[in-house]
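Some notes on the structure that comes next.
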Amino acid sequence: MSPALPSLQLARLLQLASPALPVGAYTYSQGLEWAVESGVVGNEASAGRWLGDLLAHGIGRYEAPLVAALIAAWDAGDMAEVQRLDAEFLASRESAELRAETAQMGFSLRRLLRDLRDESLAGVGSVVEAQPEVAFPTVWAGIAAAWKLAPAAALTAYLWAWAENQVMAALKAVPLGQAAGQRLLADLGARLPAIAEAALTLPEAAWSNFTPAFAIASARHETQYSRLFRS
């Protein structure tokens, strides 16, 4: 893959990682809201442990390498592999809310492909439009490949967007102050480059999203009486 000009690549990375990306990520807490309700998360330290563990043992060891594989498949034009990985990710969602989340965000990002009117994204759009349902990472990876973003940088941006959304959810749900949020982001951000690099070479046989507390929190959130978030 030949990279885009560094300045343009940076702009594209910032666009894909931006909270302004109209996919509704801010409406989801991915079970964090239930962790707060149950008392597992109640301050900056416990929020940091929850997010750090999820990053290390779930997002970093399953979602990140899957996104890396999707970028490689899109870049190689291997649509059978893209569809296989898309189906695998959808099947890996442990709760109805988590599955609905990635399908809704995938739908919104697919719609954005049309609205951007970017000819370089036409090939991605034609593939995902043909699918009745598509996961968010699949469309995101397709855009990253079409814009010729360096895989390591793209993965770091993807992970940053996840971390920022989770910290913003913690700010509202715990709640935490702005300075605490920035400390959490600084800590999580320092871990991202190594996690992204490892994800690029992690063989599929070693992928793992074994995070039982996360799965329980996601499922329990579905019947939580009072809540701000959709997951």
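Quick note: numbers below take in every heavy atom, side chains included, and nothing from hydrogens, waters or symmetry partners.
Between Tyr28 and Phe229, every side-chain heavy-atom pair lies at or beyond the 4.5 Å cut-off. Proximity of Val134 to Leu109: side-chain heavy atoms (C-beta onward) are nowhere separated by under 4.5 Å. Leu159 is listed as a side-chain neighbour of Leu55, based on a closest heavy-atom distance under 4.5 Å. Leu54 places none of its side-chain heavy atoms less than 4.5 Å from the side chain of Leu32. No side-chain heavy atom of Trp74 sits less than 4.5 Å from a side-chain heavy atom of Ile143. With contacts defined as side-chain heavy-atom distances shorter than 4.5 Å, the pair Pro137/Thr102 qualifies. Using a 4.5 Å heavy-atom cutoff, the side chains of Tyr26 and Met168 are not in contact. Considering only heavy atoms from C-beta on, Val41 stays 4.5 Å or farther from Leu51 through its side chain.
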Run the side chain to side chain donor-acceptor pair (under 3.5 Å) test on Glu101 and Ser231 for me, step by step, so that the C-alpha distance in whole Å, both residues' side-chain angles and the decisive distance to 0.1 Å come before the verdict. CA-CA 7 Å; Glu101 174 184 341; Ser231 76; 3.0 Å; yes
Are Thr138 and Leu85 close enough, and set up right, to give a side-chain contact (heavy atoms from CB on, under 4.5 Å), and what steps lead you there? CA-CA 8 Å; Thr138 303; Leu85 291 167; over 6 Å; no
When you look at Arg220 and Ser38, which way does the side-chain contact (heavy atoms from CB on, under 4.5 Å) test go after all the steps? CA-CA 10 Å; Arg220 293 280 180 86; Ser38 67; over 6 Å; no
Mind running side chain to side chain donor-acceptor pair (under 3.5 Å) on Ser108 and Gln104 for me, showing each step along the way? CA-CA 6 Å; Ser108 296; Gln104 179 273 306; 2.7 Å; yes
Let's go through Gln30 and Trp162 carefully: what are the C-alpha distance in whole Å and the side-chain angles of both, what is the deciding distance for side chain to side chain donor-acceptor pair (under 3.5 Å) to 0.1 Å, and is it a yes or a no? CA-CA 10 Å; Gln30 298 191 344; Trp162 172 85; 3.0 Å; yes
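Every residue two or more places apart in sequence or in another chain was checked for a side-chain hydrogen bond (donor to acceptor under 3.5 Å, both in side chains) with Thr27, and none qualifies. Evaluation of the side-chain hydrogen bond (donor to acceptor under 3.5 Å, both in side chains) rule for Gln166 yields no partner, not counting sequence neighbours. Partners of Tyr158 by ring-ring contact (aromatic ring centres under 6.0 Å, His included), not counting sequence neighbours, listed by chain and number: Trp140. Every side-chain hydrogen bond (donor to acceptor under 3.5 Å, both in side chains) that Glu133 has, sequence neighbours left out, goes to Arg99.
Clustering ILVMFWY residues whenever any of their side-chain heavy atoms sit less than 4.5 angstrom apart, transitively, puts Leu16 in the very cluster that holds Val82. Leu200 and Ile195 are not part of a single hydrophobic cluster, where members link through side-chain heavy atoms under 4.5 Å apart. When hydrophobic clusters are built by joining Ile, Leu, Val, Met, Phe, Trp and Tyr residues whose side-chain heavy atoms come closer than 4.5 Å, directly or via intermediates, Trp160 is grouped together with Leu171.
Counting all heavy atoms, side chain and backbone alike, Glu222 lies closest to Ala96 at OE2-N, 2.9 Å. Taking all atoms of both residues into account, the shortest heavy-atom contact from Ala152 to Ala196 is O-CB, 4.0 Å. Here the closest heavy-atom approach between residue Leu98 and residue Ser218 is recorded as CD1-OG, 3.3 Å.
No cation-pi contact links Arg111 to Phe107, judged by a cut-off of 6.0 Å to the six-membered ring centre and 45° from its axis.
Separating the CD atom in Glu37 from the OG atom in Ser29 is a distance of 11.5 Å, to the nearest 0.5 Å. Phe136 CZ to Phe89 CZ: the interatomic distance, rounded to the nearest 0.5 Å, is 9.5 Å. Summarising the geometry, atom CG belonging to Leu70 is positioned 10.5 Å from atom CG belonging to Asp78; distances are rounded to the nearest 0.5 Å. For the atom pair NE2 of His221 and CD of Glu97, the computed distance is 5.5 Å after rounding to the nearest 0.5 Å. Summarising the geometry, atom CD belonging to Gln15 is positioned 10.0 Å from atom CG belonging to Leu8; distances are rounded to the nearest 0.5 Å.
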Output a table of donor-acceptor pairs, distance under 3.5 Å, between side-chain atoms of residues 119-131 and any protein atom two or more places apart or on a different chain; print 'none' if there are none.
unit_1, atom_1, unit_2, atom_2, d
Ser120, OG, Asp118, OD1, 2.7
Ser120, OG, Asp118, OD2, 3.3
Ser126, OG, Gly123, O, 2.8
Glu129, OE1, Arg114, NH1, 3.4
Glu129, OE2, Arg114, NH1, 2.4
Gln131, NE2, Asp86, OD2, 3.2

Please list, one pair per line, the donor and acceptor atoms closer than 3.5 Å that link side chains of residues 172-186 to other protein atoms, with sequence neighbours excluded.
unit_1, atom_1, unit_2, atom_2, d
Arg183, NE, Glu44, OE1, 3.4
Arg183, NE, Glu44, OE2, 2.9
Arg183, NH2, Glu44, OE1, 2.8

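Just one of His57, Arg61, Glu94, Glu63 meets the side-chain contact (heavy atoms from CB on, under 4.5 Å) condition when paired with Asn209; it is Glu94.
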